[in-house]
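Single-structure report; data block below.
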Amino acid sequence: MQGQALPGFRDFYPDELALKNHIFATWRDVARRYGFQEYDGPPLEPLELYTDKSGEEIVQQLYAFEDKGGRKVALRPEMTPTLARMVGAHAQALKKPIRWFSIPQLFRYERQQRGRLREHFQLNMDIIGEASPLADAELIAAAIDIMRAFGLGPADVRARVSDRRVLRTLLLGRGLTEPQLPAAFEVIDKSERVPRDAMAAKLRETGIGKRETDAVFEIAALRGLDAVAAALAKVKGGEEAGEPLRQAVGALEAMGLGDFVLVDLTIVRGLAYYTGIVFELFDTGKSLRAICGGGRYDGLLNALGGVDLPALGFGMGDVVLGELLKERGPADQASTKLDAFLIAVSGEDMAPVLKLAHQLRDLGVAVEYGLRPAAIRKQLELAAARGAPRAIIVGPDERAAGEVVVRDLKAGTEARVPIAKLSGLFH
RNA sequence: GUGGCUGUAGCUCAAUCGGUUAGAGCGCUGGACUGUGGCUCCAGAGGUUGCGGGUUCAAUUCCCGUCAGCCACCCCA
């Protein structure tokens with residue numbers, strides 16, 4: 001063995017690249033249907049683009065180094081800062097709301113695990129300059145429609161939707177104080193994975209009383225818009241705080257996507273900059289990591305790009321999605337498809353095969369032929385292995401009649417076809 | 001970065017208590033089959049047992065280190 005790719009990096013063999021291309025094509029198609037425009041930025045950025053926002057400790061999570069000009073640089077770990085810069089620079093000229101998407105390759109220096117590598121491609125869809133909850137619904141719908149475009153339904157994937165404003169209002173309304181909120185958020189975020197006792201202990205350490213601790217667990221257990229609304233009705237300002245979430249979920253229901261949506265306040269998302277509705281897509285078997293995550297980050301553009309615009313977006317990586325599709329998607333239909341495989345019966349048939357192959361290729365037909373003389377059975381074997389739907393057999397007898405034999409490789413039937421009529425097979 | 005588990009052919013796995021030349025299926029190449037694939041049969045190629053060291057007459061097997069993968073943290077994408 002001559003070594004392998006760096007840990008967390010991938011070689012794409014043809015089957016794998018075909019899957020990746022299929023994913024990209026589907027992403028682009030759904031983005032197009034939603035009226036999003038594609039953009040891109042540099043894969044290498046100034047280190048400060050990331051440290052300014054997230055602090056120095058993020059450097060150990062980055063591929064960061066000094067270039068030959070002494071500049072501190074990093075391979076991009078996320079697209080949002082680049083987007084913020086680009087939008088910030090042209091903010092005056094761009095008609096709002098901005099609807100942009102990108103498929104950057106992102107890098108992170110972290111120990112790899114299943115579904116989590118050091119490099120991946122991530123669809124980013126963002127809407128900038130629109131505060132309406134309909135924008136939130138629009139993005140969640142796009143994420144869901146990508147799943148549908150892959151043939152996945154509510155039995156396969158769901159969107160868990162929450163709103164930090166709702167969570168915040170509920171917690172404050174149940175007696176928690178502002179300084180206690182981060183700890184409460186963290187506990188709620190992990191409430192599914194970590195034992196309740198450990199979480200209660202964590203809350204106690206933060207100085208949160210028993211009654212408030214019970215409230216935290218109560219809130220974390222809420223499921224569905226109605227349950228959340230009922231809880232909100234009991235606290236001050238609750239109805240107002242719940243309005244955006246209610247509208248966004250209502251819009252999704254109006255689109256007919258209600259079966260995909262699950263209101264669940266345990267979706268907090270790690271990033272501190274989220275300010276409103278947040279959501280994740282996950283497989284219903286819960287055997288994989290989140291397929292997609294995002295939300296509203298109204299303050300971030302101001303902090304990064306210097307323009308005060310409301311914004312929201314999501315990221316969807318190719319790794320977890322690829323695993324999900326391999327697990328339950330239909331068979332790989334994405335491989336390069338040959339239209340025909342040409343077969344020369346004898347050495348004298350080689351030149352006519354070359355001529356015919358070239359004529360067909362000029363017409364846009366995908367053809368292959370054996371690159372060395374071989375028995376017909378060998379050539380047919382190769383034709384079948386290549387997945388060609390038909391073989392075109394050129395032999396002395398056929399040539400004398402100005403014909404070829406067209407063999408259907410699936411049905412096993414064949415017919416003689418005049419060479420002049422051959423191109424009609426492919427239109 | 002921390003901890004646990006696992007590393008044998010391209011893939012999935014086997015190899016008795018530490019014992020002689022590390023095997024099988026699938027895949028790959030060739031042949032049986034000189035104008036017709038899928039089936040069957042035969043043969044072949046492919047291994048520094050992840051790598052390095054130690055113990056031993058002898059290591060795929062036991063020990064240590066290291067690298068890689070998986071899992072849990074951390075962190076989130």
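Just so we're on the same page: letters track the sequence lines, and every chain starts at 1.
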* Just call it for A/Glu119: base, sugar-phosphate, or nothing, with non-hydrogen atoms closer than 4.0 Å on any strand. => nothing
* When we call it a touch if two heavy atoms are under 4.0 Å apart, what does A/Leu117 touch: a base, just sugar-phosphate, or nothing? -> base
* Rounded distance in Å between the C1' positions of B/C73 and B/U29 -> 48 Å
* **Length of the CD1-C1' vector between A/Ile343 and B/U34, whole Å** => 15 Å
* Any donor-acceptor pair under 3.5 Å between the side chain of A/Gln61 and the base of B/G1? -> no
* Heavy atoms under 4.0 Å, any strand shown: does A/Arg108 hit a base, just sugar-phosphate, or nothing? -> base
* Indicate, with a heavy-atom threshold strictly under 4.0 Å, whether A/Glu414 touches base, sugar-phosphate, or nothing. => base
* To do: Could you work out the separation of B/A22 and B/U48 based on their P atoms and round it to a whole Å?
  => 12 Å
* Expressed as a whole number of Å, how far does the C1' atom of B/A43 sit from that of B/C57? -> 39 Å
* Atom-pair distance (CZ on A/Arg289; C1' on B/C76), nearest Å -> 9 Å
* Structure fact -> Contact string for nucleotides 37-47 of chain B, one letter per nucleotide 5' to 3', B = base within protein heavy-atom range under 4.0 Å, S = sugar-phosphate only, - = neither, reads BB---------
* **Spatial distance of atom CG (A/Leu257) from atom CE (A/Met147) [nearest 0.5 Å]** => 12.5 Å
* Distance between C1' atoms of B/U55 and B/U61 (Å, rounded) -> 13 Å
* Euclidean distance, atom CZ of residue A/Phe341 to atom P of B/G35 [Å, nearest integer] -> 18 Å
* Asked: CD1/A/Ile188 to OG1/A/Thr266 distance, rounded to the nearest 0.5 angstrom?
  -> 8.5 Å
* Asked: When we call it a touch if two heavy atoms are under 4.0 Å apart, what does A/Gly294 touch: a base, just sugar-phosphate, or nothing?
  -> nothing
Short heteroatom pairs, N/O only, protein and nucleotides 6-13 of chain B, under 3.5 Å:
none

* Asked: Is any side-chain N of the basic residue among A/Glu38 and A/Arg28 closer than 4.0 Å to the acidic one's carboxylate O?
  -> yes
* Determine the Euclidean distance between corresponding C1' atoms of B/A58 and B/C17; express it in Å to zero decimal places. => 14 Å
* Gap in Å between the two P atoms, one belonging to B/G7 and one to B/A14, rounded -> 9 Å
* To do: Calculate the interatomic distance between A/Glu110 atom CD and B/C75 atom C1'; express it in whole Å.
  => 5 Å
* To do: Using whole Å, report how far CG of A/Leu62 lies from C1' of B/A77.
  => 12 Å
* Gap between atoms CZ and P, on A/Arg399 and B/G35 respectively (whole Å) -> 14 Å
* Determine whether any donor atom in the side chain of A/Arg111 lies under 3.5 Å from an acceptor atom in the base of B/C71, or the reverse, and answer yes or no. => no
* To do: Answer yes if the side chains of A/Tyr34 and A/Asp145 hold a donor-acceptor pair under 3.5 Å, and no otherwise.
  => yes
* Asked: Within 45° of the six-membered ring axis of A/Phe65 and under 6.0 Å from that ring's centre, is NZ or CZ of A/Lys72 located there?
  -> no
* Pick base, sugar-phosphate or nothing for A/Pro396, based on heavy-atom distances below 4.0 Å to the nucleic acid. => base
* To do: Specify the separation, in whole Å, of atom CG of A/Asp349 and atom C1' of B/U36.
  => 14 Å
* Under the 3.5 Å Watson-Crick or G-U criterion, the dot-bracket string of RNA chain B, with | for inter-strand pairs -> (((((((..((((.....[...)))).(((((.......))))).....(((((..]....))))))))))))....
* Can you label the angle between the A/Trp100 ring and the A/Tyr39 ring as parallel, tilted or perpendicular, going by 30° and 60°? => tilted
* Asked: From A/Gln37 CD over to A/Ser102 OG, what is the distance, rounded to the nearest 0.5 angstrom?
  -> 12.5 Å
* Is there a donor-acceptor contact under 3.5 Å linking the side chains of A/Gln105 and A/Arg76? -> no
* Structure fact -> Result for 5'-nearest mapping on RNA chain B, choosing between A/Arg116 and A/Gln113, is A/Gln113
* Could you walk me through whether A/Glu138 and A/Arg99 pass the salt bridge (charged side-chain N to carboxylate O under 4.0 Å, His left out) check? -> CA-CA 11 Å; A/Glu138 182 86 337; A/Arg99 302 158 72 98; 2.4 Å; yes
* Hey, does the Lys NZ or Arg CZ of A/Arg160 hover above the aromatic six-ring of A/Phe279, less than 6.0 Å from the centre and inside 45° of the axis? -> no
* Asked: Taking the P atom of each, how far is B/C42 from B/G25, in whole Å?
  -> 9 Å
* Side chains of A/Tyr297 and A/Asp126: do they bring a donor and an acceptor to under 3.5 Å? -> yes
* Structure fact -> From CG of A/Leu321 across to C1' of B/A77 the rounded distance in Å is 13 Å
* Structure fact -> Result for 5'-nearest mapping on RNA chain B, choosing between A/Gly293 and A/Phe9, is A/Phe9
* **Lys/Arg N to Asp/Glu carboxylate O, A/Lys96 vs A/Glu130, below 4.0 Å** => no
* To do: Using a heavy-atom cut-off of under 4.0 Å over every strand shown, decide if A/Ile393 touches base, sugar-phosphate, or nothing.
  => base
* **Nearest-angstrom distance, P atom, B/U6 to B/G65** => 15 Å
* To do: To the nearest 0.5 angstrom, please state how far the CG atom of A/Leu360 sits from the CG atom of A/Leu422.
  => 5.5 Å
* Between A/Thr26 and A/Asp29, a side-chain donor and acceptor under 3.5 Å -> no
